[in-house]
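Okay, so here's the structure we're looking at.
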Number of protein chains: 2
Amino acid sequence: MKKVAALPTKADVCNVPCFDHNKVGQIKAALAKEEKKLPELAEFYKLLGNTTRLKILLALAQGELCVCDIAHVLQLSTAATSHQLKLLRNQGWLSKRDDGKMVYYRLHSQDLLKALKGDLKMLEERLG
Amino acid sequence: MKKVAALPTKADVCNVPCFDHNKVGQIKAALAKEEKKLPELAEFYKLLGNTTRLKILLALAQGELCVCDIAHVLQLSTAATSHQLKLLRNQGWLSKRDDGKMVYYRLHSQDLLKALKGDLKMLEERLG
DNA sequence: TTCTCATTTCGATAGTTGCGAAAATGATAC
DNA sequence: GTATCATTTTCGCAACTATCGAAATGAGAA
């Protein structure tokens with residue numbers, strides 16, 4: 001019966017004639033497994049959905065940099081830069097190295113960069 | 001002189017001693033080319049930074065679906081579903097096919113799905 | 001101590017988002 | 001024609017989020 005939680009009563013009979021029980025059930029089943037990973041994937045994409053953070057990643061692709069120099073590349077305050085770096089660090093994409101007063105950041109691995117370049121290439125190559 | 005717009009005067013002499021002119025200049029030059037593509041890339045990631053839209057894409061990976069069935073898979077109203085579909089369509093990732101009153105959506109190509117699966121795999125495989 | 005680079009906390013503002021309600025569209029059926 | 005149906009669109013909002021400045025705090029260097 002009630003497969004749809006949001007529409008408690010007569011959802012499948014009266015309100016939504018086009019609703020195909022079987023198909024929807026099938027799709028839901030197929031999605032069930034992948035569904036668990038979607039929040040993490042979405043968080044990942046949210047993190048990358050920002051030009052400042054993308055710029056940081058591309059800058060660090062050139063080698064490690066101190067916060068101050070990153071800030072100058074971004075033309076941003078060190079506080080704001082530090083905040084963005086923290087977001088990237090929190091999801092495990094950056095490593096830091098302390099050297100006296102300075103802190104140097106670098107990419108934790110090349111995997112992210114590879115994915116990023118792959119996506120960019122896909123965007124550039126598509127027709128429409 | 002004034003390379004940094006946000007810090008009009010004496011930015012490079014007094015306020016920011018750690019600032020390495022050469023390095024920053026190098027990085028900026030290296031980024032110049034890729035920088036133009038970043039807004040588009042960020043828009044792409046923003047679009048994917050949402051579990052509902054990711055779910056739509058995975059659902060359509062199974063084959064074309066009408067709005068109504070997608071809405072049921074998502075447990076969302078048709079209006080809300082239509083809105084999300086439009087966002088995906090606007091960036092060229094979906095095609096639609098009219099059949100009488102119904103409208104069927106499908107993935108415009110498999111490229112997006114491939115990229116998505118690639119990113120997901122990368123997330124799953126990383127150590128940290 | 002004092003200076004410096006970096007981080008963190010707080011706060012505010014600006015901006016975005018996701019969706020409901022309702023009107024509009026466009027096709028079918030009667 | 002009218003009625004109905006699936007979808008789209010417009011409007012608007014309430015809630016959430018993001019980004020950053022200012023200032024306090026850490027932590028190392030001199």
Side-chain angles (χ1 to χ4, degrees), chain A residues 6-7 11-20 23-24 39 42-43 45-56 64-72 74-91 94-106, chain B residues 4-7 11-20 23-24 39 42-43 45-56 64-72 74-91 94-106:
Chain A
L7 304 169
D12 45 354
V13 178
C14 311
N15 293 334
V16 210
C18 81
F19 173 26
D20 179 340
K23 208 179 216 175
V24 170
E43 284 312 302
Y45 284 135
K46 273 182 204 161
L47 187 71
L48 298 184
N50 173 289
T51 54
T52 297
R53 286 190 290 276
L54 289 177
K55 215 185 279 186
I56 290 176
E64 69 171 17
L65 288 169
C66 71
V67 177
C68 182
D69 284 347
I70 299 173
H72 276 89
L74 301 176
Q75 304 190 352
L76 221 57
S77 73
T78 53
T81 302
S82 187
H83 176 61
Q84 298 298 338
L85 287 169
K86 184 178 186 167
L87 295 179
L88 289 165
R89 195 155 38 90
N90 281 349
Q91 289 197 27
L94 302 184
S95 305
K96 57 192 291 196
R97 175 177 72 82
D98 288 23
D99 180 12
K101 294 180 257 186
M102 318 279 282
V103 176
Y104 289 89
Y105 279 88
R106 63 188 141 77
Chain B
V4 182
L7 304 169
D12 46 354
V13 178
C14 311
N15 293 334
V16 211
C18 80
F19 172 25
D20 180 339
K23 208 178 216 175
V24 171
E43 283 312 302
Y45 284 135
K46 274 181 204 163
L47 188 70
L48 297 186
N50 174 289
T51 53
T52 297
R53 288 190 288 278
L54 290 177
K55 216 186 281 187
I56 290 176
E64 70 171 17
L65 288 170
C66 71
V67 177
C68 182
D69 283 348
I70 299 172
H72 276 88
L74 301 176
Q75 304 191 351
L76 219 58
S77 73
T78 55
T81 303
S82 185
H83 175 62
Q84 298 298 339
L85 287 168
K86 183 177 187 169
L87 295 179
L88 289 165
R89 194 154 38 91
N90 281 349
Q91 289 197 28
L94 301 184
S95 305
K96 57 192 289 194
R97 175 178 72 83
D98 288 22
D99 181 11
K101 294 181 255 187
M102 319 278 281
V103 176
Y104 288 88
Y105 279 88
R106 64 189 141 76

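First the proteins, then the strands, lettered A, B, ... as listed; each starts at 1.
- With sequence neighbours excluded, the residues satisfying side-chain contact (heavy atoms from CB on, under 4.5 Å) with B:Lys46 are B:Glu43.
- Considering only residues two or more places apart in sequence or on other chains, B:Arg97 meets the salt bridge (Lys or Arg N to Asp or Glu O under 4.0 Å) condition with B:Glu64.
- With sequence neighbours excluded, the residues forming a side-chain contact (heavy atoms from CB on, under 4.5 Å) with A:Ala80 are A:Leu76, A:Ser77, listed by chain and number.
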Protein N or O to nucleotides 20-26 of chain D N or O, pairs below 3.5 Å:
from	atom 1	to	atom 2	distance (Å)
D:dC20	OP2	A:Gln84	NE2	3.4
D:dG21	OP2	A:Ser77	OG	2.8

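- In this structure, the CZ atom of A:Arg97 is 13 Å from the P atom of C:dT7, given to the nearest Å.
- Between B:Lys96 and D:dT7 there is no side-chain polar atom (N or O) within less than 4.0 angstrom of OP1 or OP2.
- Qualifying side chain to side chain donor-acceptor pair (under 3.5 Å) partners for A:Tyr104, counting only residues two or more places apart in sequence or in other chains: none.
- In this entry the distance linking CZ of B:Phe19 with P of C:dC5 reads 13 Å, nearest Å.
- Remark: A:Tyr105 is in phosphate contact with C:dT7, judged by side-chain N or O atoms under 4.0 Å from OP1 or OP2.
- Between the CG atom of B:Leu87 and the P atom of C:dT17 there is a distance of 9 Å, given to the nearest Å.
- For the pair B:Asn50 and C:dG18, the criterion of a side-chain N or O lying under 4.0 Å from OP1 or OP2 is met.
- Looking only at distances, a side-chain donor or acceptor of A:Arg53 sits under 3.5 Å from a matching main-chain atom of A:Leu47.
- Of the side-chain N and O atoms in B:Lys86, none sit less than 4.0 angstrom from OP1 or OP2 of D:dT8.
- Following rounding to the nearest Å, B:Met102 (CE) and C:dT25 (C1') show an atom-to-atom distance of 17 Å.
- A:Ser82 pairs by the side-chain contact (heavy atoms from CB on, under 4.5 Å) definition with nothing, not counting sequence neighbours.
- Rounded to the nearest 0.5 angstrom, A:Ile56 CD1 and A:Leu85 CG are separated by 4.5 Å.
- Ranking C:dC5, D:dT8, C:dT7 by closeness to the B:Val67 side chain, first place goes to D:dT8.
- When rounded to the nearest whole Å, the span between CG of A:Asn90 and P of D:dA18 equals 13 Å.
- Atoms CZ (B:Arg89) and P (D:dT7) sit 12 Å apart, rounded to a whole Å.
- When rounded to the nearest whole Å, the span between NZ of B:Lys46 and C1' of D:dA18 equals 10 Å.
- In this structure, A:Arg53 reaches the D:dT19 phosphate: one of its side-chain N or O atoms is under 4.0 Å from OP1 or OP2.
- Rounded to whole Å, atom C1' of C:dT7 lies 15 Å from atom CG of A:Leu94.
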